[in-house]
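All remarks here apply to the structure that follows.
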Protein chains: 2
Amino acid sequence: MDAETDDIRQNKQPARDLDPIDRKILGVLVEDATISYAELGERVGLSPPAAHERVKRLKRSGAIRATSAIIDPRAVKKPLLAFVHIDTRGWGKTPELMAVSKYPEVEEIHTVAGDTCMLLKVRTEDTRALEGLLARLYDTPGVTSTRSYVVLSTYLERPVQPEITPEWPAPKHMANPMY
Amino acid sequence: MDAETDDIRQNKQPARDLDPIDRKILGVLVEDATISYAELGERVGLSPPAAHERVKRLKRSGAIRATSAIIDPRAVKKPLLAFVHIDTRGWGKTPELMAVSKYPEVEEIHTVAGDTCMLLKVRTEDTRALEGLLARLYDTPGVTSTRSYVVLSTYLERPVQPEITPEWPAPKHMANPMY
DNA sequence: CATTGATGCGGAATTTAATTCGGCCATTAT
DNA sequence: ATAATGGCCGAATTAAATTCCGCATCAATG
């Protein structure tokens, strides 16, 4: 786990295309990444070492960005989900973005293609905390307005889903600002 | 992994509160769930078996809902992210909802509190695929309109984030409709 | 105030899985 | 035709998960 980890960090992408077995593997691991290579192999029709080899390749290529525990927001007292639309005219690239990404309430940050706004997915303990967050966002340099936000009740949810292959702007995985 | 798995499936929640060490554990596992209990223990100040015991409890209580591989949408050729707002007047509860959840493009389904609409987070290969999805959504029984949608470029993203404890409607984890 | 019971911890032992290794095909390039 | 490559398997090795057990702490109880 040395050269291998380095490869992953450097996001080396041999740009190899995914075959049907790779897809199956991704589907299985999105569901449950705790299974053994023996079981994974059985499900996709490979021996344990072969399955291991595949997964290693998928991680190295960046197809599998991380393996993460999915937390129940209720368990951590953050049941209130909201989407916040902020106007970002005069936005200075990464510095401010990093500031926003450090807010523990912010789960996702999306830039809108061809527009000067961003959409944030946030989760707070209650409405009071949400208001506090909005205030902080408004005070963030580069944010000219926090135009609208909708409070939602999560009904169904699942992790990111796979299906096929790549050509697009590089995504940066970020440090967990939580701890 | 028998009685234990059963417990998790049944979502048994001893409703125990999370202490600071639990939070640390969640934070570490959201970042990287592949580390050994030895390393996890070291990071949070516990022995490997103690760390293991904690994680087992967190899974049993439902705080950790799953351990999942995070997939790069580009690798599976689904780089186009969109949020779709659908009007759901005359919606008949679960059946139709399950239909929507079976669309592989749909990553998340959110019901808006106190409103008759839902917000979907979807990901497709290109605009053509997105249009096809919208057409299918419109034809879904219970959907009276697909009012608006915004196409976004994902800039930063991270898994669900933890912080503290529970009291809310039960969330159902769903089958992966991908395979 | 002592006793009992329950809970969580650490260290050692055991079981299980991850990982490595070598050899075998099949496909592709020379 | 032949060499080289890539991906697979089975066996062997290493590392981690899991179990076991005794100890300490804290809380409820007599």
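Worth knowing before you read on, the calculation uses all heavy atoms, side chains too, and leaves out hydrogens, waters and symmetry mates. So that the names make sense, note that chain A is the first sequence line, chain B the second, and so on, each numbered from 1.
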Nearest-0.5 Å distance that lies between atom CD in B/E107 and atom NZ in B/K121: 5.5 Å
Results of side-chain hydrogen bond (donor to acceptor under 3.5 Å, both in side chains) for B/D32 - residues two or more places apart only: B/T34
Pair B/S47-B/Y37, side chain to side chain donor-acceptor pair (under 3.5 Å): steps then yes or no: CA-CA 8 Å; B/S47 69; B/Y37 287 116; over 6 Å; no
Angle between terminal axes - the helix from C/dC1-D/dG30 to C/dT30-D/dA1, 5 pairs each end, rounded to 10°: 30°
Each nucleotide N or O in nucleotides 10-13 of chain C that has a protein N or O under 3.5 Å away: list the pair and distance.
{"from": "C/dG10", "atom 1": "OP2", "to": "B/S47", "atom 2": "N", "distance (Å)": "2.7"}
{"from": "C/dG10", "atom 1": "OP2", "to": "B/S47", "atom 2": "OG", "distance (Å)": "2.7"}

Partner set under side-chain hydrogen bond (donor to acceptor under 3.5 Å, both in side chains) for A/S36, not counting sequence neighbours: none
Nearest to side-chain heavy atoms of B/S36, which nucleotide of D/dG7, D/dA17, C/dA18: D/dA17
Nucleotide C/dG8, atom P - distance to CZ of B/R54 in whole Å: 8 Å
Pairing residues for B/E42 by the side-chain contact (heavy atoms from CB on, under 4.5 Å) criterion, not counting sequence neighbours: none
Nearest-angstrom distance from the residue atom CD1 of B/I21 to P of C/dT7: 18 Å
Side chain to side chain donor-acceptor pair (under 3.5 Å) between B/Y103 and B/T140, intermediate numbers included: CA-CA 11 Å; B/Y103 296 150; B/T140 300; 3.1 Å; yes
Residues in side-chain contact (heavy atoms from CB on, under 4.5 Å) contact with B/D19, at least two apart in sequence or another chain: B/I21, B/D22, B/R54
Between P of C/dG8 and NZ of B/K56, the distance in whole Å: 12 Å
Distance, rounded to the nearest Å, where A/I35 contributes CD1 and D/dA17 contributes C1': 16 Å
Rounded distance in Å - CD (A/E53) to P (C/dC21): 13 Å
D/dG6 OP1/OP2 closer than 4.0 Å to side-chain N/O of A/R57: no
Separation of atom OH in B/Y37 from atom C1' in C/dT14, rounded to whole Å: 17 Å
Distance, rounded to the nearest Å, where B/D19 contributes CG and D/dC26 contributes P: 14 Å
Short side-chain N/O contact from B/H52 to OP1 or OP2 of D/dA17, under 4.0 Å: no
Test item: A/S68 side-chain N/O and B/E31 main-chain N/O as donor-acceptor pair under 3.5 Å: no
A/K56 with A/E53: basic N within carboxylate O range, under 4.0 Å: yes
